[in-house]
4 protein chains.
Amino acid sequence: MELNNKQLEIIGIAKALFAQHGFDATSVRDIAQRAQINVAMINYYFNSKENLLEVLIKHGIEAYKLDASQYNTEADAFLRLEKMVEHYVESKFSDLHLYQILTNEANNKKRESYSILFKELRRHNIQCLREVISYGVEQGVFHFYDPVLLHTSMIGTFLNFKMNKSVIEEFIDIPKGMSFEEYLKIELTKHLKYILKAILTYEN
Amino acid sequence: MELNNKQLEIIGIAKALFAQHGFDATSVRDIAQRAQINVAMINYYFNSKENLLEVLIKHGIEAYKLDASQYNTEADAFLRLEKMVEHYVESKFSDLHLYQILTNEANNKKRESYSILFKELRRHNIQCLREVISYGVEQGVFHFYDPVLLHTSMIGTFLNFKMNKSVIEEFIDIPKGMSFEEYLKIELTKHLKYILKAILTYEN
Amino acid sequence: MELNNKQLEIIGIAKALFAQHGFDATSVRDIAQRAQINVAMINYYFNSKENLLEVLIKHGIEAYKLDASQYNTEADAFLRLEKMVEHYVESKFSDLHLYQILTNEANNKKRESYSILFKELRRHNIQCLREVISYGVEQGVFHFYDPVLLHTSMIGTFLNFKMNKSVIEEFIDIPKGMSFEEYLKIELTKHLKYILKAILTYEN
Amino acid sequence: MELNNKQLEIIGIAKALFAQHGFDATSVRDIAQRAQINVAMINYYFNSKENLLEVLIKHGIEAYKLDASQYNTEADAFLRLEKMVEHYVESKFSDLHLYQILTNEANNKKRESYSILFKELRRHNIQCLREVISYGVEQGVFHFYDPVLLHTSMIGTFLNFKMNKSVIEEFIDIPKGMSFEEYLKIELTKHLKYILKAILTYEN
DNA sequence: AATGAATGAGACTTCATTCAT
DNA sequence: TATGAATGAAGTCTCATTCAT
């Protein structure tokens, strides 16, 4: 699955369009026009529109996998948790379009096959989260909380944050010179750190 | 916007199909076939497919609005918060299909107009949440936390819970004789109560 | 499988085009243009081009089946055989286009399913032929000859006669005022009668 | 029209595919893939797909021409006729694919030019047949019968025999250890000899 | 009030061919 | 000599919508 520059360019454009309009509402013509290529090129490079989606997902999904080595260096459980959150947010922001596609299409009955990749990703990230929790429990600073539920809240918060750009913009003044994306990233990180720590230390 | 029985039936079927396959991937023929009516009927009753979506959203969205009278009777801030969560979850579960449609289509650039309704809903619910928080602050049991962020986590958690049925099923044993939907409802309620309380009482 | 006038008209035009250019080389546009209808109409009435072929074959193939009652009235075996030949040629000439389509497409691997209908037709006609032969054998005027082989020669002769219009025209002067088709029909009938009688009475 | 090995290989593969699926249903990609060559190669060597067909026909058609020297050695008219039949069948069997292509495409209006070659072949073979008949007439053992009609029956019988493999298989038990092709060849030869002799000696 | 017939627009895809290398 | 990249044309089919009844 080696992709040349042309293919990567097409993928980039397709990602943006799929994310904005949905897979079904995006025509190969739209993609071709934006990429300034012939319509037939998409099939030439990807065989079909459906396969383009598959390649596009497979190609990008790895970036979303948490990499324990990025935060395991922290001995303090709280710091490790925080670092994990930073790493987590960073990874999602590296390709916001794809994440939106994934969430939209994962629900689509027709495209269940791609949700397998999505599932696998979740499994991996949940496991990473479990390990961070366990570490804190061992250190005596966290009590255990189901990582599936935690992960659900993390990811859900992230997605909603992103999806509700317009609502949030209405309620919050973004400091000058800062893009919404930057602001969102900072606030999201702060918020996620906060809720994770709150949940893992809360005494019911 | 008075709807007769035939229209309501069409709306019900359209909702289910839009939720499962997406708006674009659902043809008016699909709807007509399931509703055992003529294809022309949909345009006859709703003018256009697009307008059917609009009517369908407008018709159902009210059910999602929090109604303060349902939980304001509780004097204890914690109980009030819990009751609000119960009410919140209940309202979403009353029409899961529509909620899925809303989240999927709200992102769609082409259909920004519908997201206005969605935004309005959010504004309303955020305000309700703000009031509950303020009440707890007044009572001296909560510290303040931004209701926009809280709401984002609530709704995001809910959506992800629902969307990830299959992942969750893999990790959790559902008690016999209980449907996934029932279980999801119970666990989700419990989890939401927990995280809200945790966040609102956590000392950073 | 009731066909309305529009459908019958389309079938007629499609038959002529499929026969002349082959199924693959005939586009639905060609058919639509000739029938002076919208391209979409063909799919509207027949679902697909492939299905149009199927309907077209199923609709017409019955006419090719020999009907014993048409010649069984003849007590003399020779006359019965001759009458059968006349009936046989007549039936083929009633729809030359379809017969050409059948022979062309029966060979096509992709369209094996239609050849089932063709096979069934052959089985029927071979059985009819067998009965006529048996009758002559009973009467003591024919000796038995394999009807499968006989049928093969009959049908092959017919097809080749038809296919080689241009070669035949070169060798034979057609009487004035007679169309090639008429002449072909007369000559073919005469020839078929001759070879059948020759074969069934030849002492090797 | 000198053909190198690569060209001959392409022709062989194209023949098989054209015969099985028809000219229109065979893409140059199919041919290229089977021949393990680049798609552009076919145009490079043959200029166009259409021309490939022409070259392929021109290259192979000679094999089908009857060669009087193969059977003229027989003094006995019956034996000469039989030998001609053997030679005739043999020549067709040397390249069954091409023969199927010829018969399929000869009918096609779009490709009338190739049918010229086909016509020329028929003319030649009809002439050969005429000579054999005349010889028998001279010998006083045959009465004259139009060679055009005889040839039509011969070729038609052959083609139908071949085309109806499946029908014939159903009616006839092929001896063990014999392929259908072998059986067909033997039976066909026998049958053709029989009908020719029957026709040429039958007293109406 | 309701619908069957019909259609124009546009979807994806495949095709034979060309061109620069 | 040979080929990978690229393309315009055309293919079939599906779509939402309209219109006469």
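In what follows, chains are A, B, ... by sequence order, proteins preceding strands, each numbered from 1. Any value given below was found using the heavy atoms of this structure, including those in side chains, with hydrogens, waters and symmetry copies removed.
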Distance, nearest 0.5 Å, that separates NE2 of D:His21 from CG of C:Asp24: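 Those atoms lie 10.5 Å apart.
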Between CD1 on residue D:Ile37 and OH on residue D:Tyr44, distance to nearest 0.5 Å: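 Taking CD1 in D:Ile37 and OH in D:Tyr44, the distance rounds to 12.0 Å.
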Listed partners of A:Gln33 passing side chain to side chain donor-acceptor pair (under 3.5 Å), at least two apart: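 A:Gln33 satisfies side chain to side chain donor-acceptor pair (under 3.5 Å) with no other residue.
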With C:Asn38 via side chain to side chain donor-acceptor pair (under 3.5 Å) - residues at least two apart: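 By the side chain to side chain donor-acceptor pair (under 3.5 Å) rule, C:Asn38 matches no residue at all.
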Residues that [X] engages under side chain to side chain contact (heavy atoms under 4.5 Å, CB included), provided they are two or more places apart:
{"X": "A:Glu50", "answer": "A:Phe23, A:Ser48, A:Arg111, A:Tyr114"}
{"X": "A:Leu117", "answer": "A:Ile57, A:Lys58, A:Ile61"}
{"X": "B:Leu8", "answer": "B:Leu3, B:Asn5, B:His59"}
{"X": "B:Asn4", "answer": "B:Lys6, B:Gln7, B:Tyr45"}

Contact list for residues 34-47 of chain B, test salt bridge (charged side-chain N to carboxylate O under 4.0 Å, His left out), sequence neighbours left out: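 The answer is none; no pair qualifies.
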ring-ring contact (aromatic ring centres under 6.0 Å, His included) involving C:Tyr64 - partner list, sequence neighbours excluded: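 Only C:Tyr99 meet the ring-ring contact (aromatic ring centres under 6.0 Å, His included) criterion with C:Tyr64.
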C:Arg29 side chain near F:dG11 phosphate (N/O to OP1/OP2, under 4.0 Å):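 Yes, within the criterion.
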Rounding to a whole Å, what distance do you find between [X]:[atom1] and [N]:[atom2]?
{"X": "D:Asn5", "N": "F:dT1", "atom1": "CG", "atom2": "C1'", "answer": "16 Å"}
{"X": "A:Asp24", "N": "F:dA16", "atom1": "CG", "atom2": "P", "answer": "11 Å"}
{"X": "B:Leu52", "N": "F:dA16", "atom1": "CG", "atom2": "P", "answer": "11 Å"}

Residues in contact with DNA chain E, drawn from residues 36-49 of chain A - heavy-atom cutoff 4.0 Å: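 Under 4.0 Å from DNA chain E: A:Ala40, A:Asn43, A:Asn47, A:Ser48, A:Lys49.
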Toward the 5' end of DNA chain F, by each residue's nearest nucleotide, C:Phe23 or A:Asn4: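 Per heavy-atom nearest nucleotide, the more 5' residue is A:Asn4.
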Start and end of chain D contact along DNA chain E [non-hydrogen atoms, under 4.0 Å]: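 The protein-touched segment is E:dC15 to E:dT18.
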Under 3.5 Å, which donor-acceptor pairs link side chains of residues 9-20 of chain D to any protein atom two or more places apart or in another chain?
from, atom 1, to, atom 2, distance (Å)
D:Lys15, NZ, D:Asp95, OD2, 2.6

Watson-Crick or G-U stems involving DNA chain F, each at least 3 pairs long, distances under 3.5 Å, ordered by first number: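 So the stems come out as E:2-21 with F:2-21.
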